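Structure, as structure tokens:
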Amino acid sequence: MVSTFLRGAQRLLCVVLAGTMTLAAAQGLPSLGDGSSMTTAAERKLGARIARELYRDPDYIDDAVLEDYVQSIWQPLLAAARQRGELTSEQDERYAWEILMGRDRTINAFALPGGYLGLHLGLIGAVSSRDELASVLAHELTHVTQRHISRLMEQSSRVTPWAIGAMILGALAVSRSPDAASAVIMGAQGAAVQSQLNFSRDMEREADRIGYGVATQAGFDPAGFVSMFDKLQQASKLNDNGSFPYLRSHPLTTERMADMQARQALLERRPAPTQPDLVHGMMAARARVLSNPGPDRLRSWVGEAGTLGPVPAAQAAPVLYAGALSASRLRDDEAARGLVQRLRVAVQADPKALRQAALLDAELRSAAGDAAGALAALAVIPADQAGRPELLLAAPLQIRSGQAAEVAQRLQARVALDARDAAAWQQLASAYAQQGQTLRAIRAEAEQQVARLDYAGALDRFKAAQNYARGPRQGNAPGDHIEASIIDVRARAIEAIVKEQEKERQAER
């Protein structure tokens, strides 16, 4: 059974198979036989096309808390890659560098052209430390910076052009069964492409070597690479039952494992951390709960937390976190409140973990309809620790309580820093609507669609905004004429993208 988070990517594969040579021409990509290199702009376009389908997948999740945690690992890796010269200025500017998370419980991560990465919650829930997660992200980052996917395409000139999609989706297509690839690439031609589904051994070794250096320079313990390999090796010995598709797209070899162990041996051994990483344990627990387990599993986590005796904080934190979040999802608000209070007591000596407990408290209170309690829980978080999760948790509560103007100012600052924050645009649309600023609300809805790469949907909203601006209405908001001008400019830009996409679709038929 192929992962649901990959359905969108497989739909693109079908388009590629049907498009043959015209797809390459329509997207400005080189044909597989001309020996030329794909431009970074073409890679970004190709990656965006796949990412657009993943955004639409029901398993896609934009969880502000997990996203914040993953970014705390991802951004130092990007910075280290820049410092080392692995990430060129052209790639830095042209690529997206976005991580899309999926609720899938399998252990997987994958790189796409143009700086898009996919990350399953199952992987976050399975790794034992942030260093192990950093090792996976550094490895995938290197696949992108070294342009392994485009290099595979260039090396595969003897394969028929329709196989380009299979190569792009090499890390995606084989998911929960070794036979999954043949389900999407059938017949004798599929067998000819099978060898292209995985990155080559040389590319895997290169991703290990460079990723190791990037992770180490970013401040992560290189032991994370070795311990992650140990996990995958154990899964391989146990005859992987489909929960580790990462093993197939990134097959282990004794040579790769020995290389990482040798590199670690050459480094000075780091002292053991003085405090356990409570935050990672809590985030791993969150990933496991949000990956859509059944009610029985949720109840077992609640039961485990309820009977937990006196244990060290490192053991208590993930159990209490999973129990509290599970209780909330089961609508047992009383149990959820009790468990989150125990969690706050357990982690009170760790400011970063205490912040996560406060965020969880606010989230559970909000879900239970206690807006005042949720805002009070967020208020205890020091301002220098607050970030995107606090903003997005507080925004809908404050909008409903009559603070839409203040919320809009904070959200405007957020989207000015990151125009691709779809959730912030969505909340900003609500804040504008609450204030009666309809034109701005419609534009924010359009920008939300742009952030999700849904340009047709965005154009529809921009045109709705233009129609509203031209029609008779009362109570024009100050500055609406400026907003209307911005909308006109944005509408023309998005319309050009939509027309280009339509030309590509016509060429594929």
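Residue numbers run from 1 in the order of the sequence given. Bear in mind the structure is a predicted one, so any value in this text is a computation, not a measurement.
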Problem set entry | Charged N-O contact under 4.0 Å between Lys499 and Glu502 | no
For this session: Return the minimal non-hydrogen interatomic distance between Pro318 and Ala285, and the atom names on each side.
Result: O-CB, 3.4 Å
For this session: Might you work through the side chain to side chain contact (heavy atoms under 4.5 Å, CB included) test for Phe110 and His120, ending with a clear yes or no?
Result: CA-CA 9 Å; Phe110 49 87; His120 288 187; 3.9 Å; yes
Exercise. Once you round to the nearest 0.5 Å, how far does CG of Asp92 lie from CG of Leu87?
Worked result: 4.5 Å
Problem set entry | Note, Ser72 side chain near Lys352 side chain (heavy atom, < 4.5 Å) | no
Problem set entry | Side-chain ion pair, Glu43 and Arg94, N-O less than 4.0 Å | no
For this session: Measure the shortest side-chain to side-chain distance between Leu121 and Ile124 over non-hydrogen atoms and say whether it is less than 4.5 angstrom.
Result: yes
Exercise. Would you say Glu53's side chain and Arg49's backbone share a donor-acceptor pair under 3.5 angstrom?
Worked result: no
Exercise. Among pairs that include at least one residue of residues 84-103, which meet ring pair (Phe, Tyr, Trp, His ring centres under 6.0 Å), considering only residues two or more places apart or in two chains?
Worked result: Tyr95-Trp97
Exercise. Minimum heavy-atom separation for Ile381 to Ala358, with atom names?
Worked result: CG1-CB, 3.8 Å
For this session: Decide yes or no on side chain to side chain contact (heavy atoms under 4.5 Å, CB included) for Glu495 and Val498, but give the supporting numbers first.
Result: CA-CA 5 Å; Glu495 187 171 21; Val498 171; 5.6 Å; no
Exercise. Got a sec, which residues hit ring-ring contact (aromatic ring centres under 6.0 Å, His included) with Trp74, two or more places apart in sequence or on another chain?
Worked result: none
Exercise. When the ring planes of Tyr69 and His280 are compared, do they come out parallel, tilted or perpendicular, using 30° and 60° as the limits?
Worked result: tilted
Exercise. Would you call Leu325 and Trp301 a side-chain contact if the rule is heavy atoms closer than 4.5 Å?
Worked result: no
For this session: For Tyr455 and Glu500, test the side chains for any donor-to-acceptor distance below 3.5 angstrom and give the result as yes or no.
Result: no
Exercise. Is a donor on one side and an acceptor on the other found under 3.5 Å between the side chain of Thr142 and the backbone of Ala138?
Worked result: yes
Problem set entry | Intermediate values then yes/no, side chain to side chain contact (heavy atoms under 4.5 Å, CB included), Leu391 and Gln427 | CA-CA 10 Å; Leu391 174 63; Gln427 294 294 346; over 6 Å; no
Problem set entry | Nearest-0.5 Å distance, CD of residue Glu204 to NE2 of residue His143 | 4.0 Å
Exercise. Looking at side-chain heavy atoms only, is the closest gap between Leu290 and Arg329 below 4.5 Å?
Worked result: yes
For this session: Evaluate the criterion side chain to side chain donor-acceptor pair (under 3.5 Å) for residue pair Thr88 and Glu90; output intermediate values, then yes/no.
Result: CA-CA 5 Å; Thr88 68; Glu90 182 182 17; 5.2 Å; no
Exercise. With side chains defined as the heavy atoms from C-beta onward, is the minimum distance between Glu363 and Ser328 less than 4.5 Å?
Worked result: no
Exercise. For Arg410, which residues count as a salt bridge (Lys or Arg N to Asp or Glu O under 4.0 Å) partner, sequence neighbours excluded?
Worked result: none
For this session: State the CD-CD distance between Gln426 and Gln449, to the nearest 0.5 angstrom.
Result: 9.5 Å
Seminar exercise, completed: CE (Met101) and CG (Leu66) are apart, to the nearest 0.5 Å, by 5.0 Å
Exercise. Of all heavy-atom pairs between Val144 and Leu112, which one has the smallest distance, and what is that distance?
Worked result: CG2-O, 4.0 Å
For this session: Please answer whether the main-chain N or O of Gln403 pairs with a side-chain N or O of Gln398 as donor and acceptor at a distance below 3.5 Å.
Result: no
For this session: Taking Arg443 for its side chain and Ile487 for its backbone only, find out whether a donor-acceptor pair lies under 3.5 Å.
Result: no
Exercise. Is any side-chain N of the basic residue among Arg388 and Asp418 closer than 4.0 Å to the acidic one's carboxylate O?
Worked result: no
Exercise. Nearest heavy-atom pair of Leu77 and Ala215: which atoms, and what distance?
Worked result: CD2-CA, 3.7 Å
Problem set entry | Residue among Asn108, Leu137, Val136 satisfying side chain to side chain contact (heavy atoms under 4.5 Å, CB included) with Leu123 | Val136
Problem set entry | Partner residues of Arg492 under the salt bridge (Lys or Arg N to Asp or Glu O under 4.0 Å) criterion, sequence neighbours left out | none
For this session: Indicate the atoms forming the closest heavy-atom contact of Ala96 with Arg44, along with that distance.
Result: N-NH1, 3.5 Å
For this session: Would you please test Arg130 and Met283 for side chain to side chain contact (heavy atoms under 4.5 Å, CB included) and show each step?
Result: CA-CA 10 Å; Arg130 62 189 287 114; Met283 294 300 95; over 6 Å; no
Problem set entry | Side-chain touch Tyr60/Arg452, heavy atoms, less than 4.5 angstrom | yes
Indicate every side-chain donor-acceptor pair of residues 367-375 with a distance under 3.5 Å to a residue at least two apart or in another chain.
from: Asp370; atom 1: OD1; to: Gly373; atom 2: N; distance (Å): 2.9
from: Asp370; atom 1: OD2; to: Arg365; atom 2: NH1; distance (Å): 3.1

For this session: Sequence neighbours left out, what passes salt bridge (Lys or Arg N to Asp or Glu O under 4.0 Å) with Glu445? Give chain and number order.
Result: Arg461
Exercise. Taking atom CD1 of Ile61 and atom CG of Asn292, what is their separation to the nearest 0.5 Å?
Worked result: 8.0 Å
For this session: Might you point out which heavy atoms bring Ala408 and Leu428 nearest each other, and give the distance in Å?
Result: O-CD1, 3.7 Å
Problem set entry | Whether Arg103 side chain and Pro58 backbone form a donor-acceptor pair below 3.5 Å | yes
Exercise. Mind checking whether Asp480 and Gln437 have side chains closer than 4.5 Å, heavy atoms only?
Worked result: no
Exercise. Are Gln466 and Asp488 close enough that some pair of their side-chain heavy atoms sits under 4.5 Å apart?
Worked result: yes
Exercise. Which distance, rounded to the nearest 0.5 Å, do you find between the CD of Glu86 and the CG of Leu141?
Worked result: 9.0 Å
